[in-house]
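For the numbers below, each heavy atom of this structure counts, side chains included, while hydrogens, waters and symmetry mates do not.
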Amino acid sequence: MDYNFSEIEKKWQKEWAKNNVYHVENQSDKPKFYVLDMFPYPSGAGLHVGHPLGYIASDIFARYKRLKGFNVLHPMGYDAYGLPAEQYAIQTGQHPAITTQININRYREQLDKLGFCFDWSREVRTCDPKYYKWTQWGFLQLFNSYYCYQAAQARPIEELIMVFEQQGTKDLQIAQTEDITFTAEEWNAKSEKEKQQILMNYRLAYLADTMVNWCPALGTVLANDEVVNGLSVRGGHPVIRKKMKQWLLRITAYAQRLLDGLDTIEWSESIKEIQRNWIGRSEGAAIDFSIDGNDLKMKVFTTRPDTIFGVSFMVLCPEHELIEQLTTEAQKEAVKEYVTTAKNRSERERQAEVKSVTGVFTGSYAINPFNGNKIPIWVADYVLAGYGTGAIMAVPAHDSRDFAFAKKFQLPIIQVIAMEGEEITPTDTWENAKESKDGHCINSDFITDLPCKEAIKAVIARIEAAKIGYKTINYRLRDAIFSRQRYWGEPFPIYYKDEMPYPIDEQDLPLILPEIDKYEPTQTGEPPLARAKNWTYHNFPLDCNTMPGFAGSNAYYLRYMNPDCTTQYIDKQANRYWQNVDLYIGGSEHATGHLLYSRMWNKFLYDLGLVCKDEPFAKLVNQGMIQGRSSIVYRINGTNTFVSYNLRKDYQTTPLHVDINLVDNDILDTERFKQWMPDFANAEFILENEKYICGHEIEKMSKSLYNVQNPDDLVEKYGADTLRMYEMFLGPVEQSKPWDTKGIEGVFRFIKKFWRLYHPNGVDFCVSEAQPTEAELKILHKTIQKIEQDIERLSYNTSVSAFMICTNELTDLKCNKRAILEPLTILIAPFAPHLAEELWHLLSHSDFVCNAKFPVYEERYLTQDSIVYPVSFNGKMRFTLNFSANATTQEIENAVLTAPESQKWLDGKKPKKVIVVPKKIVNVVI
RNA sequence: GCCUUGGUGGUGGAAUGGUAGACACGAGGGACUUAAAAUCCCUUGGACAUUGCGUCCGUGCGGGUUCAAGUCCCGCCCGAGGUACCA
């Protein structure tokens, strides 16, 4: 019978589901393996061919590990909270839950068609109360914890209260928003409300007034990574800076551990770098400068204490608290005006005007602690309030921003670092600052002639001894804003009493998202939840914010281990068995979002003793994006005539996107094109070779460009197995590449050819029970070895090639022997599971192929009888010699030198060297 | 600017320092067929040669290490992604 993929695939998908073939238990004698995909947000557009790329890659790995004898956890679920469903709700009034459910159904249908081995009994949805109960629970634990740097872990807030009662803030090294100090007596004398306010300074989930990215159009706050160039990522609406009370996660407490952890995990260097940069650790010194004429101190942070003798001015950020005290009467007006305008400039304006340098002199002077020089103090907005101390010592000779500022305001530029052997030129001739750290100090008193790195140490030692500063570390990482003014998200399990937030009782979780009549913010600008009736807890008002998109995805990989556990977040036993994710596949766009937050969340749970691994994802692979290949037609301007690609230069044309489904191998189906849109009904064509050839463009896959390739159509035409193999054959999983349907024919041909190995006359299934020959065994074992190596490296494109080569070779030998085909069936099962299943049953097996054992290759079939050695003289190839596979190096060398061809080249001389590389080449150096 | 990646035929892409271009697409030619589909065979980096064999050049550019470099080292050029008044 012919290869009828659609019948085969439907049949086995049904059988697998009926027999629960991919169900996996939390207990097994087998070693565990956890393969995870980033769960999708079920958007209304459904899947395009780019989405399944990662899912296919992980599915192959999961199936392979299964065949290798592992108990494999390979779950799937939905990141179901999100903005599009809410936007749709605002427009149509349809409840987001309904939209989401419809989209999920469609996703599931599409995923099922591709033959994935997900254990759907473990499915999670972030919007399901059974699930978000634990998101809320996790939040409460953060609320009830603080971070202790001494223990390097999170601790219960009750402990901190006890410490406060006994010793106040003395000797505490803990993560905090502001540095506040009090004694035990002071603490004990405080009111309940005051105590709660102080605790907010330490909680890992805390409420604070922050400058946030407020998007008026969306009526919500956005995280930094949801804003690009002052516009929201979703929708592209303008975003402004605004001060608001928000929930924050104290991720900064984990900065060092998040950084250190990167060295222990197998992630791509680029993602690790992105996270390292995002955390942005920099080592330096905090130095107190005294102020001329009063007792005030000005603390600055610098990474270059070695340049302290080159300081020629100081800069405060416009928000700095010392400004008022430091401004002299004469400068008062100017400073006030500058500060006001600077504060009113939005982030977007500031970014747009990066090039322009602005600032104003305060009238005061600081004193350089090492040479007593008077240094003018300026205010400028190139110094940021949120980083370091919001104040800097400016060294224009060795910092480009300070340099630009000094040039503009004609401040002195003092060179204090010189490179070895460099000619000293006057600084007023410089065009740029010299920022290198490789030189040595000059004109710098006690550090003169020291290399920069030594000088940094020397200066820090001095300032520490003089108690005017200390070595310190700064991070760029900011605490994550955790609340959104939206409807479609997890409600905060928090109520307010006396204006202070309190956690609701854990017994009362989940706090169910209430029904509301409209999904917009209220008239007064309150979040949508303010519309809910009786949104109270024991008559106290509940928090009206909801959690952001990343809340639900923080620990979803943990819930897959025990999705039905209603009594605990994480079942200890299940967690001990599954540990953490062995292989995580997903896009790199989550590098500074989900992938950072879940590492933090996991570390927090680790501190609580709830999970056994510090890092959630041992190995991460980022699948590349699949770009669209748009087809273009060329309309002659002012007409309804379209000219073929290669003839277009003779006319004035306008390129138009055309639906790729009307195009086959760049040839346009002109009849269907006419029916496609009314505008084109009367279209005429100028053809080449009687065909209309389209142009093409590689761009983002998008509905509006008519270049979206829907996987369903391809499954319909070629089958899921062909699509799976073709997507892998396109190129390395991690690489971005354009989608091009052309090549799928090649893979389809291969699968049909593979099928014919088992159906030699093209009709009937027939395998021979004869003993395989040596040559056939060699092909088989070579293939087993290659496939195994390639899958381990996730090099699936070369595996598909190996299958093609193997099939061609077996076809040439007319081999249809069971002893060869049976292991081959198992080998191909991860890639083409339906095909393999069908063949497996035709081979009279009753069990499913996924329960088979991956074949083992034998070395003895991999060695060759004889090997051709190319012989080269001085790198030039001259002749070849045949040797048996077990010839020794000495034998080869002797044979090469005595061969008649060699005499010509040696010409009586003795060779200097003979290099024999096993199985490769013999090099003779004359 | 900085960081991370890449740069190989018409195209997607193969190559533990060891015969560059596997495998596939596309293209050209042929077989089978009344015809089409399907299938099969040959050619396909460039130049010269082609009644034999072949010879030379080729992995972004310029150097270097090595018997041997797409691969390692140094200096450039270009693309992609990340990030940015972060002191």
Taking only heavy atoms on the protein side, list every residue of residues 723-731 of chain A lying under 4.0 Å from any atom of RNA chain B, sorted numerically.
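Hits under 4.0 Å, by residue number: A:Phe729, A:Leu730.
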Counting runs of three or more consecutive pairs, Watson-Crick or G-U wobble, with each distance below 3.5 Å, where are the stems of RNA chain B?
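Expected stems, ordered by start: B:1-7 with B:77-83, B:10-12 with B:23-25, B:26-31 with B:39-44, B:45-48 with B:54-57, B:60-64 with B:72-76.
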Run the salt bridge (charged side-chain N to carboxylate O under 4.0 Å, His left out) test against [X] and tell me which residues pass, sequence neighbours left out.
X: A:Lys619; answer: A:Glu266
X: A:Lys737; answer: none
X: A:Asp790; answer: A:Lys786, A:Arg793

Is there a donor-acceptor pair under 3.5 Å between the side chain of A:Arg401 and the backbone N or O of A:Tyr382?
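The answer is no, because no donor-acceptor pair under 3.5 Å joins these two groups.
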Got a sec, which residues hit side-chain contact (heavy atoms from CB on, under 4.5 Å) with [X], two or more places apart in sequence or on another chain?
X: A:Asn432; value: none
X: A:Lys752; value: A:Tyr3, A:Phe748, A:Arg756
X: A:Ala895; value: A:Phe883

Separation between the [atom1] atoms of [N] and [M], rounded to whole Å:
N: B:rC3; M: B:rG17; atom1: P; answer: 26 Å
N: B:rC67; M: B:rA84; atom1: P; answer: 49 Å
N: B:rC56; M: B:rA69; atom1: P; answer: 15 Å
N: B:rG46; M: B:rG82; atom1: P; answer: 38 Å
N: B:rU19; M: B:rC40; atom1: C1'; answer: 30 Å
N: B:rC25; M: B:rA20; atom1: P; answer: 25 Å

So if I take every side-chain heavy atom of A:Lys753 and compare against B:rC40, B:rC86, B:rC85, which nucleotide ends up nearest?
B:rC40
Compare the minimum distances between each of B:rG26, B:rC86, B:rA22 and the side chain of A:Arg749, then state the nucleotide with the smallest one.
B:rG26
Nearest-nucleotide wise, let me know which of A:Met393 and A:Asn808 is further upstream toward the 5' end of RNA chain B.
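That would be A:Asn808.
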Return the set of residues passing ring-ring contact (aromatic ring centres under 6.0 Å, His included) with A:Phe403 (not counting sequence neighbours), or none when no residue passes.
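Applying ring-ring contact (aromatic ring centres under 6.0 Å, His included) to A:Phe403 gives none.
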